[in-house]
Amino acid sequence: MDFSESEKVTHVRAIVRAFMEKEVLPLEPALLRDGFVSLLPVLSEKRERARETGLFAAHVPARFGGGGLSLLEFAHMSEELGRSPIGHYVFNVQAPDVGNMELLMEHGTDEQKETWLRPLVKGTIRSCFTMTEPEFAGSNPVHMGTTARKDGGDWVLRGHKWFASSAEGAAFAICMAVTAPGAEDPYGRASMILVPAGTPGFEIIGNIPVMGDRGGDWASHAEVSYQNCRVPLANLIGREGAGFALAQERLGPGRIHHCMRWIGVCERALDIMCRHAATRELAPGKFLGGKQIVQEAIATSRAEIHGARLMVLHAAWKIEREGARAAGEEISVIKFTVARTLQRVLDRAIQALGALGLTSDTPLAYWYAHERAARIYDGPDEVHLSLVARRILRRYGLQVS
Ligand SMILES: Cc1cc2nc3c(=O)[nH]c(=O)nc-3n(C[C@H](O)[C@H](O)[C@H](O)COP(=O)(O)OP(=O)(O)OC[C@H]3O[C@@H](n4cnc5c(N)ncnc54)[C@H](O)[C@@H]3O)c2cc1C
């Protein structure tokens with residue numbers, strides 16, 4: 001691996017960092033005080049300015065209207081954007097749209113690309129992804145209750161989903177539904193179907209309060225119902241029965257995006273911790289940063305972030321060279337490692353700031369609440385730990401199911 005940063009990455013980082021400093025970070029006090037929804041008008045102005053940088057929807061190839069960065073290049077940009085809770089939204093590279101764009105790019109029909117992908121890339125619409133169900137374990141989505149049955153020229157969907165991020169205000173949902181309940185291969189039972197908002201039978205029951213926060217618009221997580229909801233057969237994404245394969249494909253690069261965003265969060269948290277340690281006087285002339293125990297928190301955080309970044313860049317490099325399937329082990333390793341690093345670094349930073357760390361004067365408390373989910377979504381830690389261990393043990397001749 002070549003560890004040098006390409007000229008393009010250096011250039012992209014500089015543009016994004018300057019934009020974040022000037023346009024995004026000044027919005028944080030209002031975000032932390034009043035919440036995301038109150039910022040929507042000003043955020044749409046910022047999105048206009050972000051478009052002018054040529055890096056709006058930067059992960060999407062130029063032929064679809066995006067910024068045309070490779071996965072590895074975008075990973076660096078994602079880290080810069082992660083330094084603020086709204087960076088990704090301003091550049092239209094926020095989950096779940098980012099994954100839905102990738103899915104439609106790779107597997108959408110020409111009509112789906114024209115109708116849904118192009119406006120998604122432009123940022124004129126948003127989308128959501130509905131896979132998880134309250135009644136079934138989301139960490140093993142082979143078992144799910146939502147079905148899609150063919151009837152004439154339509155799919156008829158029935159089911160109950162929750163934690164559909166950003167469903168409020170989304171123009172369409174991608175629904176994972178069982179289309180072949182009797183298929184021998186359990187991984188061949190489900191398909192992905194596109195459901196436009198407003199389709200009769202598709203209903204948002206309400207936003208779920210997460211860590212006490214009900215959110216709203218893009219920053220929400222909804223409970224959703226499909227009741228005899230009919231959409232044309234042409235709304236199938238990819239092959240019938242390919243739902244799990246597509247979900248894995250969607251989540252591979254998605255985990256790189258999330259992990260690099262978390263590294264951005266860690267860098268900002270470390271920066272806040274160091275600024276505080278360097279200026280907080282415990283007694284006249286005695287600074288917090290003079291205490292070895294605080295120095296250990298700083299140095300350990302630096303080492304963990306550095307290791308995490310190298311692991312993620314290596315995984316992105318491998319995906320680019322060999323594809324997401326070949327990089328399965330690396331992707332699982334970064335998912336649980338970086339999510340845990342994130343929480344340790346945030347916790348140390350809050351501890352170093354004392355009561356100030358719990359206020360909304362810094363984004364630390366916001367992240368501490370909102371990023372706890374990192375160890376659960378896109379596969380809980382345990383699933384990834386187990387997957388990695390089983391692969392390793394297989395090399396030692398032990399098959400564990
Ligand atoms: C903020 C947030 C946003 C989300 N956004 C979306 C979205 O947009 N769309 C969507 O479809 N879903 C979304 N999800 C849902 C997410 O994907 C699921 O929560 C996740 O897959 C885990 O499923 P579950 O919650 O049903 O937990 P379960 O599957 O019930 O697991 C519960 C716990 O059991 C443990 N566990 C599970 N499997 C194993 C194992 N094999 N070995 C040992 N322990 C295990 C883990 O600790 C796990 O946390 C979101 C979740 C959150 C928190």
Side-chain angles (χ1 to χ4, degrees), residues 36 85 88-89 94-103 120 126-146 157 159-170 172-178 186 190-195 197 202 204-205 207-226 237 243-244 246-248 250-252 254-255 257-258 261-262 265 331-332 335-336 339-340 342-343 366-391 393 400-401:
F36 172 80
H88 284 74
Y89 180 79
Q94 69 286 350
D97 291 324
V98 74
N100 291 344
M101 288 182 215
E102 279 160 354
L103 197 61
L120 206 53
R126 289 195 294 94
S127 63
C128 67
F129 185 73
T130 64
M131 180 154 94
T132 309
E133 305 183 354
E135 297 84 4
F136 291 83
S139 49
N140 185 18
V142 168
H143 301 288
M144 66 168 63
T146 302
L157 288 105
H160 182 201
K161 303 282 189 181
W162 76 342
F163 276 89
S165 299
S166 315
E168 184 185 321
F172 69 92
I174 293 175
C175 178
M176 181 86 146
V178 174
S191 304
M192 285 195 191
I193 296 171
L194 192 151
V195 181
F202 172 48
I204 295 180
I205 298 168
N207 287 338
I208 303 156
V210 177
M211 299 290 231
D213 184 358
R214 193 172 280 273
D217 200 84
W218 166 66
S220 61
H221 307 285
E223 183 179 353
V224 167
S225 137
Y226 294 97
I237 299 176
F244 289 107
L246 298 194
Q248 281 317 308
R250 179 183 180 278
L251 288 173
R255 285 173 184 139
H257 306 329
H258 273 310
R261 179 171 67 76
W262 298 335
V265 173
I331 292 170
S332 280
K335 175 62 184 44
F336 67 79
R340 290 170 167 205
L342 168 71
Q343 267 141 44
Y366 175 96
W367 276 323
Y368 194 70
H370 285 79
E371 302 298 352
R372 176 61 183 84
R375 292 184 50 213
I376 294 173
Y377 60 65
D378 287 6
D381 283 7
E382 294 83 352
V383 169
H384 290 288
L385 283 157
S386 161
L387 196 141
V388 171
R390 279 183 284 134
R391 278 186 181 224
L393 288 170
V400 198
S401 61

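If you read the sequence from its start, that first residue is 1, and numbering goes on from there. Order of listing sets the numbers, starting from 1, for every ligand and every atom in it.
Proximity of atom 33 (C) of ligand 1 to the protein is not indicated, since no non-hydrogen protein atom lies closer than 4.0 angstrom. For atom 53 (C) of ligand 1, a protein heavy-atom neighbour is present inside the 4.0 Å cut-off. For atom 49 (O) of ligand 1, the nearest protein heavy atom is under 4.0 Å away.
Those atoms of ligand 1 that come under 4.0 Å of a heavy atom in His221, given as number and element, are 1 (C), 3 (C). Residue Ala373 approaches ligand 1 through these ligand atoms, each under 4.0 Å from one of its heavy atoms: 1 (C), 53 (C).
Between Pro380 and ligand 1, not a single N/O pair is under 3.5 Å apart. Considering backbone and side-chain N/O atoms, Met131 comes within less than 3.5 Å of an N/O atom of ligand 1. Considering backbone and side-chain N/O of Thr132, one or more are found under 3.5 Å from N/O of ligand 1. Taking any N or O of Phe129, backbone or side chain, at least one lies under 3.5 Å from an N or O belonging to ligand 1. Ligand 1 has a nitrogen or oxygen under 3.5 angstrom from a nitrogen or oxygen of Ser165. Checking only distances, Ser139 does come within under 3.5 Å of ligand 1, N or O to N or O.
The shortest heavy-atom contact between Ala247 and Met192 is N-CE, 3.4 Å. Across every non-hydrogen atom of Gly145 and Phe136, the tightest pair is N-CE1, 3.4 Å. When all heavy atoms of Ser220 and Glu168 are compared, the pair lying nearest together is OG-CB, 3.7 Å. Between Ile205 and Val224, the shortest heavy-atom distance links the atoms CD1-C, 4.2 Å.
Contacts between Val383 and ligand 1 below 4.0 angstrom, taking non-hydrogen atoms only, involve the side chain exclusively. Of the heavy atoms in Met176, none comes closer than 4.0 Å to ligand 1. Residue-level proximity to ligand 1 for Glu382 is carried by the side chain, the only part with a heavy atom below 4.0 angstrom.
At a cut-off of 3.5 Å, with distance as the only test, a side-chain donor of His221 or Ser165 sits close to an acceptor on the other residue.
Atom CZ of Phe202 has more than 12 heavy atoms from other residues, nucleotides or ligands within 6.0 Å.
Partners of Phe163 by ring-ring contact (aromatic ring centres under 6.0 Å, His included), not counting sequence neighbours: none found. Taking His370 as the reference, Tyr366 meet the ring-ring contact (aromatic ring centres under 6.0 Å, His included) condition, with sequence neighbours excluded.
Contact of the Ser166 side chain with the Asp97 side chain is not registered, since no non-hydrogen atoms from C-beta on lie closer than 4.5 Å.
Nearest non-hydrogen protein atom to atom 13 (C) of ligand 1 is Phe163 O, 3.0 Å.
A distance of 8.5 Å separates CD in Glu102 from CZ in Arg250, rounded to the nearest 0.5 Å.
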